[in-house]
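In this chain, numbering begins with 1 at the start of the sequence shown.
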Amino acid sequence: MTMVETARGTVHEWQRDHMGHINVRAYMEFFEEACWQFYAMLGLTASLLRSGVVHLAAVQQDISYIKELYPGDTIVVRTGVLEMREKVLRFRHKLFNTETGAVCAACEFTVVCLNPESRRSQPFPAEVAARAQAFLETTDD
């Protein structure tokens, strides 16, 4: 599997909810940070997205909560591409506890490349598609 590190962080006490668990928002924040790093690695940099050449639309996110995190835990997110089509990119984040190595959560994202003016799907830039192929997962574990 070809996965790349896209985020690191620490779980904090303030991320607990009223039941004492790390709130789902915290997991999404880690995944959100990883998204923007991964997009930049693919060539979908902030300046490109601001330029009006292309936009992205997240159309689906599926999260699996596997193992609970606790305040003080350190995490790393690794990301790999599941599928790269002309206008659609599907990728997976895995969030690991750096102390134990355990996968604590996984999230699959589906994003579509948009034309900013028409708000309709358009092909990803060729160089983005080529870079995404380099991160294509080779096994499903």
Side-chain angles (χ1 to χ4, degrees), residues 1-17 19-141:
M1 179 180 310
T2 304
M3 296 188 96
V4 62
E5 182 178 318
T6 49
R8 279 190 178 266
T10 304
V11 179
H12 298 281
E13 183 67 38
W14 57 265
Q15 292 172 309
R16 286 187 191 259
D17 60 24
M19 295 177 292
H21 300 284
I22 300 303
N23 191 276
V24 296
R25 180 191 72 183
Y27 292 85
M28 279 309 300
E29 288 170 356
F30 292 132
F31 291 138
E32 175 73 2
E33 292 291 328
C35 279
W36 294 109
Q37 293 294 326
F38 191 59
Y39 296 151
M41 289 175 189
L42 297 179
L44 295 165
T45 61
S47 59
L48 176 68
L49 295 170
R50 283 191 297 259
S51 75
V53 174
V54 298
H55 281 179
L56 299 174
V59 296
Q60 186 167 344
Q61 298 172 7
D62 296 307
I63 303 172
S64 299
Y65 301 99
I66 300 163
K67 192 163 180 67
E68 192 163 10
L69 291 168
Y70 300 94
D73 287 345
T74 53
I75 62 94
V76 63
V77 178
R78 298 189 191 290
T79 306
V81 172
L82 296 170
E83 180 181 21
M84 180 71 227
R85 298 194 322 249
E86 181 183 38
K87 301 175 183 181
V88 177
L89 172 63
R90 285 190 333 106
F91 57 94
R92 173 177 27 215
H93 296 305
K94 287 187 177 181
L95 186 153
F96 296 85
N97 179 313
T98 61
E99 180 181 357
T100 66
V103 176
C104 297
C107 185
E108 291 185 14
F109 278 77
T110 302
V111 295
V112 175
C113 186
L114 291 181
N115 178 300
E117 292 178 15
S118 69
R119 302 294 295 163
R120 296 178 105 25
S121 63
Q122 71 176 23
F124 278 95
E127 61 275 8
V128 170
R131 287 180 182 170
Q133 290 297 324
F135 295 108
L136 195 63
E137 294 188 17
T138 55
T139 62
D140 188 38
D141 61 342

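At least one side-chain heavy atom of Val111 sits less than 4.5 Å from a side-chain heavy atom of Tyr39. Leu82 places none of its side-chain heavy atoms less than 4.5 Å from the side chain of Phe91. In this structure, Leu42 and Leu89 have side chains that are in contact, with non-hydrogen atoms separated by less than 4.5 Å. Two residues are said to be in side-chain contact when any heavy atoms from C-beta on lie closer than 4.5 Å; Val103 and Lys67 fail this criterion. Side-chain contact between Arg8 and Thr98 is present, with heavy atoms from C-beta onward closer than 4.5 Å. Inter-residue side-chain proximity for Cys104 and Ile75 is flagged as unmet; no heavy-atom pair is nearer than 4.5 Å. Side-chain contact between His93 and Leu95 is absent, with no heavy atoms from C-beta onward closer than 4.5 Å. Contact of the Val53 side chain with the Pro116 side chain is not registered, since no non-hydrogen atoms from C-beta on lie closer than 4.5 Å.
Residues meeting the side-chain hydrogen bond (donor to acceptor under 3.5 Å, both in side chains) test with Thr6, sequence neighbours left out: Thr79. Residues forming a side-chain hydrogen bond (donor to acceptor under 3.5 Å, both in side chains) with Glu32 (at least two apart in sequence, or on another chain): Trp36. With sequence neighbours excluded, no residue satisfies side-chain hydrogen bond (donor to acceptor under 3.5 Å, both in side chains) with Glu33. By the salt bridge (charged side-chain N to carboxylate O under 4.0 Å, His left out) test, Arg50 is found to be paired with no residue, residues two or more places apart in sequence or in another chain being considered. Listed by chain and number, the residues in a side-chain hydrogen bond (donor to acceptor under 3.5 Å, both in side chains) with Gln122 are Asn115 (sequence neighbours excluded). For Glu68, there are no salt bridge (charged side-chain N to carboxylate O under 4.0 Å, His left out) partners, not counting sequence neighbours.
Taking each heavy atom of Leu114 and Ala57 in turn, the nearest pair found is CD1-CB, 3.6 Å. In plain terms, the two heavy atoms of Ala105 and Phe31 that are nearest each other are CB-CZ, 3.9 Å. The nearest pair of heavy atoms linking Arg16 to Pro71 is NH2-CD, 3.2 Å. Pairing each heavy atom of Gly9 with each of Phe30, the nearest pair is CA-CE2, 4.3 Å. Residues Leu56 and Cys113 approach most closely at CD2-CA, 4.4 Å, considering heavy atoms. When all heavy atoms of Ile63 and Cys107 are compared, the closest pair comes out as CG1-SG, 3.5 Å.
Note: Glu83 CD to Arg92 CZ = 12.5 Å, rounded to the nearest 0.5 Å. One finds the CG atom of Asn97 at 6.0 Å from the OG1 atom of Thr74 (value rounded to the nearest 0.5 Å). Taken from CZ in Arg90 to CD in Gln60, the straight-line distance is 8.5 Å, to the nearest 0.5 Å. Considering CE of Met3 and CZ of Phe96, their distance stands at 6.0 Å, rounded to 0.5 Å. With values rounded to the nearest 0.5 angstrom, Leu69 atom CG is found 12.0 Å from Asn23 atom CG. One distance of note links NE2 of His55 with CG of Leu44; it measures 11.5 Å at 0.5 Å rounding.
With salt bridges taken as basic N to acidic carboxylate O contacts below 4.0 Å, one links Arg25 and Glu29.
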Q) After noting the C-alpha distance and the side-chain angles of Tyr27 and Val77, does the key distance pass the side-chain contact (heavy atoms from CB on, under 4.5 Å) rule? A) CA-CA 10 Å; Tyr27 292 85; Val77 178; over 6 Å; no

Q) When you look at Leu49 and Val54, which way does the side-chain contact (heavy atoms from CB on, under 4.5 Å) test go after all the steps? A) CA-CA 6 Å; Leu49 295 170; Val54 298; 3.9 Å; yes

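Annotation: Phe135 is in aromatic contact with Phe38 [ring centroid separation under 6.0 Å].
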